[in-house]
Student: 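Take this structure first; my questions come after.
Every chain is numbered from 1, with letters handed out A, B, ... down the list of sequences.
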Amino acid sequence: MSEIPKAYDPTQHEDSVYARWEESGMFIPENLPDFQNREPYTIIVPPPNATATLHIGHSVMLAIEDALIRYKRMNGKRALWIPGTDHAAIATTNVVEKMILKEEGKTRHDLGRAELVRRIEDFVESKRDRIKLQFRKMGASLDWSREAFTLDAPRSLAVRVMFKKMFDDRVIYRGDRVINWCPRCASTLSDDELETKARVAKLYYFKYSHDFPITIATTQPETKFGDTAVAVHPSDERYAALVGKTFQVSFGGEGGVVLNIRVIADHTVEKDFGTGALGVTPAHSMIDYMMALQNNVPLVQVIGEDTHMLAAAGTAYVGLSYLKAREKVVAWLRAEGLIEKEEDTEQNAPVCSRCGTEIIPLPKLQWFVDVNKKFSFKHSPRRPVVGIAAGSAVSLKEVMRYVVETEQIKMIPERFEKTYMHWVDNLLDWCISRHIWYGHRIPVWYCVDKKMTECAAPICSVDDVEFCPHCSGAVEQDPDVLDTWFSSGTWTFSTLGWPYTRVIFVRHGEASSNVTGMMETKNIDAKNSLTDVGKIQAEKCASLLAAEDAAIIIASPVERAKETAEILAKKLGIDVRFDDRIREVGAGTLEGKSITKFIAARGDLSNWFNTTTDGIEPYMSIKERSNEFMADILKEYQGRTVIVVTHGGVMGIAHKYGTDQPDGEDDYPGNCGTMVREFDASGSQSGDLNVYHPMDVLETGYDILPNWVSRMILLTTYTLGEIPFKTVYLHGLVRDEQGRKMSKSLGNGIDPLDVIPKYGTDAVRLALLLGQAPGNDLKMSEEKIGGFRNFTNKLWNISRFILSQEDAGTESKYVAHESIDEQPLTVLDKWILSRFATIAEEFSTALEAFEFSRAGELLRDFTWNDLADWYLECAKVEGGKHVVLNYLLQNLLKLWHPYMPFVTETIWQSAYAKDTTDFLMIAPWPEYGTMARYPEAEMHIARMQRVVTAIRALRADFKIEPKEIVAVTIVSKFVEVLAIEQPIIEKLARCTILFANSAPDGQLATVIEEGTITIPKPEARADSMDDRGKLEGEREQIGIYIEALRAKLSNEEFLGRAPAAVVEKEQDKLREAEEKLTAIELRLK
RNA sequence: GGACGCUUAGCUCAGUUGGUUAGAGCACCUCGUUUACACCGAGGGGGUCGUGGGUUCGAAUCCCCCAGCGUCUACCA
């Protein structure tokens, strides 16, 4: 096909191919052919910051995940890959605040909370689409219809519902914690917002007072007003006798304070530093704080947010800046003669990364997830965690450990399980509040006036709270927002429709009409109130529902339902309201007549569906009003539990909302019976969570294993009672040629957006997938990408050659699997088909095992060596191979598709697509299991290859002109096999062959496994040509080899202990080597 | 300081449960316009598998020591 260009130009095809895929809808699993019968396979993208630009780290993640998803999709899976972005609260806030400061010179305090949040949201909105476009550039086959954002409405609801659940379970608590405080920014800083500055500080050695037995050392004497303990190492004999004692000491002179100092033993204290004793200031030091927690020592704050001393520091010091206070304390210590020594010491002081101000550790009220608190484990109704009984008391830490220990979650590579366990074992309570404005605001309110004692408790609520439920006074929402990981930790289930809304349908209790069997559908008829039995039924029902944390009761206004609902409401202590849309079925003129008569008049569905006799309400009318009702309450009470009290007939229709169950009145329970149904955010009862959770693979970089992966395991097992995913695959980080991290400041980064237009997305993907072991870092260079661009082009040209083969009378180039069997196959054909079947299997197996690099190398070697270098060249000799060639190509394209989707789809479209809906993307995977294998043909062709290579080497060694056809003599015991391939050997090695019983003297020889091959010496240079040197060298080498083999085979212990198969193999090797040696010696005689 | 890794050809890396004369790509050298491809083809050179010890009939592979490098995590009162 001369119209196909010689070189593949990716820019010509990639965007349009992606657009066609997306238009086809096949990224959405429900559009795949026969999707109901496909087994689900789910991956979710680790959400990049919404304001990010595509970088090489995203590329490697997308390349791996897309390869998996495409492979599984072609293998008949219901492949779902969900995209999304992260609001990255702190990082985004920093970017925008910096921008505003630079452009307008304003701080966040100048703007105020509402304005700053609005500005950040605008900024995020303006950047959010960019990363998505760039994901498309990578060829990622993502289901864009399910796109999510960690701060959008569904995720906000999920976060609030989850927070409330944890709050109610007391897994979340509020407590003091020492945080990094920047006095200039008036803000807390997370650990990654800190930088360290080296400085020299004065280290003072002193005692608190003359009657205190231990000397301590510090660089910050002013904090000592907050000391509540002195810590020493447990094995330190100097202080052993004092451990456990408490001393009262007055400190700071007149206007100072009295300290209560307990001596505690802690392993973190170093015996050899300073005096080996450490004054513990829990309020103003992180490690002191940890020590205080473990030793149960109180915390006293002495420095305020404004860097001035607080009242707890004593009347003489309060109000002084901490530096002034330091001077004053030191002066007092000196005057008292308490100082033993002063020396200079080097320190790394933490400073604010934004303004360089030294941070002050301060205690602040924060929200925590208690990882050790036992809670009652809830089971998933779907695929619960195995081995933890529902209702058993467990802690988050225990569950996190358990699911990985029991391999319910597997990590690849396995060694990261160790990292994970180590992390879990050292896990402290997770501080989830952040003192910034952008993010999920903590769903907790506080009563402002606190008029009643109950008002003191924080109010946690899914819905916004407007006034105090106790005193009806004003409330204020907690000012802080949640840690980003708290929302991204819900990623696997909040993106699949969680929280589910639970609707409990309750049929009214027994009424007098139930006893008489009369139709009573209107309402308020005192004659038709609940019977005594009905009232007892309602009471019983209420106690059954007590465990359900229902938000509201909604009831039909018809008397018997109304009455039932009111009994429930009273007992459960929740509100009730009435909705006419779930009233009883209209009886028309049969009102007050018997039910039997009513049913007879109504008839079956065909009669009742749209129009009816006697004014009876048609089925569709009931369905319409109940559907409308369901849609409304599901929206209003999303994620909550709602009790709906109505009538049997309405219940029978309404409970089918959100399913595809056929129309018709279903059975409904007896009086006060219940039906429980769960609905996802879209109002479906068969939603995504049922189908796609747990996810199959969580693929991400190993650097966020603790931050994110662990948090997802924590939150998912707690919230759902399910694991979030079955396998965690961790890839390495991409580095530059010198192994450095890629960064903007170093300018050493490879920007995918630069190299994609240059080399094509397929080449970039190959460069990221090959040469990378799981969990190992990957060194990347533009040369490497260039190399894979060459391979892309090679595949293009292989296709070009195959598609140019004359196709005698066949209309389509497509070759069905079966039609290969009808082909007359030569040994050569059998060889390549057999090789292909083997490679297809090995490639698939390697992919299943996440061995992306090995898989790719296998396939590349097959494509380049076996197919291009050998089979194509041989096919030119044998001719007439268009069927086998096209068969190979179309299957090869399938194998390559997960790695290089664009070039393979482009070729498929131009050669094999049957119509415009035929995409390689959804083509079935090659059926390697049913492909014939020909081991004998593989052996024969291997012999042929060795002979060709030997002749070529002989020519090259003795500088035979490339154009010259040489007369080759072959002495071999495999003549029969080689003779079949004679034309191929002659063409490929540019020679004529004579098979003989002995090699002619005076010729140049080479000896291989297949025998002795000779060529005549070129006449002009006959004298200078000598093969003796080469042959002697080989004789020596093989001699050594034979020696080693003989030694091994005469070793009794080897013979005795090695498996028979190994011994046999060694014997074969020896025999072969000896034969070769004999042949060489024959030539050297 | 703690945890986890890595060290195989000039460079980047494979080497599955110990049984090859240790492989690939790139780079290098020689040759080459043969019905796809110079983003190519043919041939070739190059490694005592970081050091030392041990287990074993047999170690790049398992164990220990040491050295160098890397990542994460604590950090010094």
Student: A:K6: which residues meet the side chain to side chain contact (heavy atoms under 4.5 Å, CB included) condition with it, sequence neighbours left out?
Tutor: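 A:R800.
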Student: In whole Å, measure the gap between the P atoms of B:rG47 and B:rU56 for me.
Tutor: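 It comes out at 32 Å once rounded to the nearest Å.
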Student: What is the nucleic acid contact for A:N776, judged by heavy atoms within less than 4.0 Å: base, sugar-phosphate only, or nothing?
Tutor: sugar-phosphate
Student: Scan side-chain atoms only and decide if A:T761 and A:E14 contain a donor-acceptor pair under the 3.5 Å cut-off.
Tutor: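 Yes, because at least one side-chain N or O of A:T761 sits under 3.5 Å from a partner of the opposite role on A:E14.
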Student: Using a strict 4.0 Å threshold on nitrogen-to-oxygen distance, state whether A:K1065 and A:D1068 make a salt bridge.
Tutor: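 Salt bridge between A:K1065 and A:D1068, a charged N being under 4.0 Å from a carboxylate O: no.
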Student: Taking the six-membered ring of A:F801 as reference, does the cationic atom of A:K876 (NZ for Lys, CZ for Arg) lie under 6.0 Å from its centre and within 45° of its axis?
Tutor: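 Yes, cation above the ring, under 6.0 Å and within 45°.
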Student: Testing the basics here: between A:R177 and A:C431, what is the closest heavy-atom pair and its distance to 0.1 Å?
Tutor: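 Scanning both residues, the minimum pair turns out to be CZ-CB, 4.1 Å.
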Student: Taking only the C1' atom of each, what is the distance from B:rU55 to B:rG15 in whole angstrom?
Tutor: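 Result for the C1' pair: 22 Å, nearest Å.
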Student: How many Å lie between CD on A:E1053 and P on B:rU55, as a whole number?
Tutor: 13 Å
Student: Please compare A:D703 and A:G276 by the position of their nearest nucleotide in RNA chain B and report the one closer to 5'.
Tutor: A:D703
Student: Could you classify B:rU51 for me, syn or anti, using a glycosidic angle within 90° of 0 as syn?
Tutor: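 With its glycosidic angle more than 90° from zero, B:rU51 counts as anti.
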Student: Taking atom types as modelled, find out whether A:W796 and A:T906 have a side-chain donor-acceptor pair closer than 3.5 angstrom.
Tutor: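 No - no donor-acceptor pair under 3.5 Å links their side chains.
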Student: A:E964 has an atom CD; how far is it from atom P of B:rC31, in whole Å?
Tutor: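 From A:E964 CD to B:rC31 P: 18 Å.
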Student: Atom CD1 of A:I1040 to atom C1' of B:rU48: distance rounded to whole Å?
Tutor: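 For the pair A:I1040 CD1 and B:rU48 C1', the rounded distance is 14 Å.
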Student: Would you measure the distance from the C1' atom in B:rG52 across to the matching atom in B:rU16 and give it in whole Å?
Tutor: 28 Å
Student: Tell me: CD1 of A:I214 to C1' of B:rA77, nearest whole Å?
Tutor: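 Rounded to the whole Å, the gap is 14 Å.
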Student: After noting the C-alpha distance and the side-chain angles of A:E1074 and A:R1071, does the key distance pass the salt bridge (Lys or Arg N to Asp or Glu O under 4.0 Å) rule?
Tutor: CA-CA 5 Å; A:E1074 281 172 341; A:R1071 201 173 319 114; over 6 Å; no
Student: How far does the P atom of B:rA59 sit from the matching atom of B:rA74, given to the nearest Å?
Tutor: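 Looking at atom P only, B:rA59 and B:rA74 are 44 Å apart.
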Student: Quick one: A:L858 CG to B:rU16 C1', roughly how many Å, whole number?
Tutor: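 It works out to 12 Å between those atoms.
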Student: Would you give a per-nucleotide map of nucleotides 18-23 of chain B, 5' to 3', where B means the base has a protein non-hydrogen atom under 4.0 Å away, S means only the sugar-phosphate does, and - means neither?
Tutor: -BSB--
Student: Would you indicate what A:T219 reaches in the nucleic acid, counting non-hydrogen atoms under 4.0 angstrom: base, sugar-phosphate, or nothing?
Tutor: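 If one applies the 4.0 Å heavy-atom cut-off, A:T219 turns out to touch the sugar-phosphate alone, with no base involved.
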Student: Heavy-atom contacts under 4.0 Å between residues 410-424 of chain A and RNA chain B, which residues?
Tutor: A:R415, A:K418, A:H422
Student: How about A:N426 and A:H422: does a side-chain donor come under 3.5 Å of a side-chain acceptor?
Tutor: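 There is such a pair (donor and acceptor under 3.5 Å, judged by atom type) between the side chains of A:N426 and A:H422.
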Student: Between B:rU7 and B:rC28, how far is it from one C1' atom to the other, in whole Å?
Tutor: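 That atom pair is separated by 24 Å.
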Student: Is it true that A:K202 and A:E343 make a salt bridge, defined as a side-chain N closer than 4.0 Å to a carboxylate O?
Tutor: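 A:E343 and A:K202: not salt-bridged.
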Student: For the rings on A:W896 and A:F791, is their centre-to-centre separation under 6.0 Å?
Tutor: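 Yes: the rings meet the under 6.0 Å criterion.
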Student: Between B:rC26 and B:rU21, how far apart are the C1' atoms? Round to whole Å, please.
Tutor: 25 Å
Student: Check the angle between the aromatic planes of A:H13 and A:Y8 and answer parallel, tilted or perpendicular using the 30° and 60° thresholds.
Tutor: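 Parallel, since the angle between the ring planes stays under 30°.
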Student: Can you name the side chain to side chain contact (heavy atoms under 4.5 Å, CB included) partners of A:E1072, sequence neighbours left out?
Tutor: A:E1009
Student: For residues A:F788 and A:Y759, establish whether the separation of their ring centroids is below 6.0 Å.
Tutor: no
Student: What is the distance, to the nearest angstrom, from the NE2 atom on A:H233 to the C1' atom on B:rG1?
Tutor: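 My rounded result for the distance is 12 Å.
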Student: Starting at the 5' end of RNA chain B, write a dot or bracket for each base, bracketing those in Watson-Crick or G-U wobble pairs whose two distances are under 3.5 Å and using | for partners on another strand.
Tutor: (((((((..((((.....[...)))).(((((.......))))).....(.(((..]....))).))))))))....
Student: For nucleotides 33-44 of chain B, give me one character per nucleotide, 5' to 3': B if any protein heavy atom sits under 4.0 Å from the base, S if the only such contacts are to the sugar-phosphate, - if neither.
Tutor: -BBBB-BSSSS-
Student: Categorize A:I287 for me: base, sugar-phosphate, or nothing, with a 4.0 angstrom heavy-atom threshold over every strand shown.
Tutor: sugar-phosphate
Student: Would you please say whether a donor-acceptor pair under 3.5 Å links the side chains of A:D227 and A:T281?
Tutor: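 A:T281 and A:D227 do have a side-chain donor-acceptor pair below 3.5 Å.
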Student: Would you say the ring centers of A:F852 and A:Y729 fall short of 6.0 Å from each other?
Tutor: yes
Student: Quote, to the nearest angstrom, the C1' distance that separates B:rU20 from B:rU34.
Tutor: 36 Å
Student: Write down the distance between CG (A:L1049) and C1' (B:rC57), rounded to a whole number of angstrom.
Tutor: 12 Å
Student: Work out which heavy atom in A:R955 is nearest to a heavy atom in A:E961; give both atom names and the distance.
Tutor: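 In this case the closest contact between A:R955 and A:E961 is NH2-O, 2.8 Å.
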Student: Please work out if A:R955 contacts a base, only the sugar-phosphate, or nothing of the nucleic acid, heavy-atom cut-off 4.0 Å.
Tutor: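 Touches nothing.
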Student: Using the C1' atom as the point on both nucleotides, what is the distance between B:rA24 and B:rA38, in whole Å?
Tutor: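 Looking at atom C1' only, B:rA38 and B:rA24 are 22 Å apart.
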Student: Just how far, in rounded Å, is P of B:rC72 from CG of A:L705?
Tutor: 13 Å
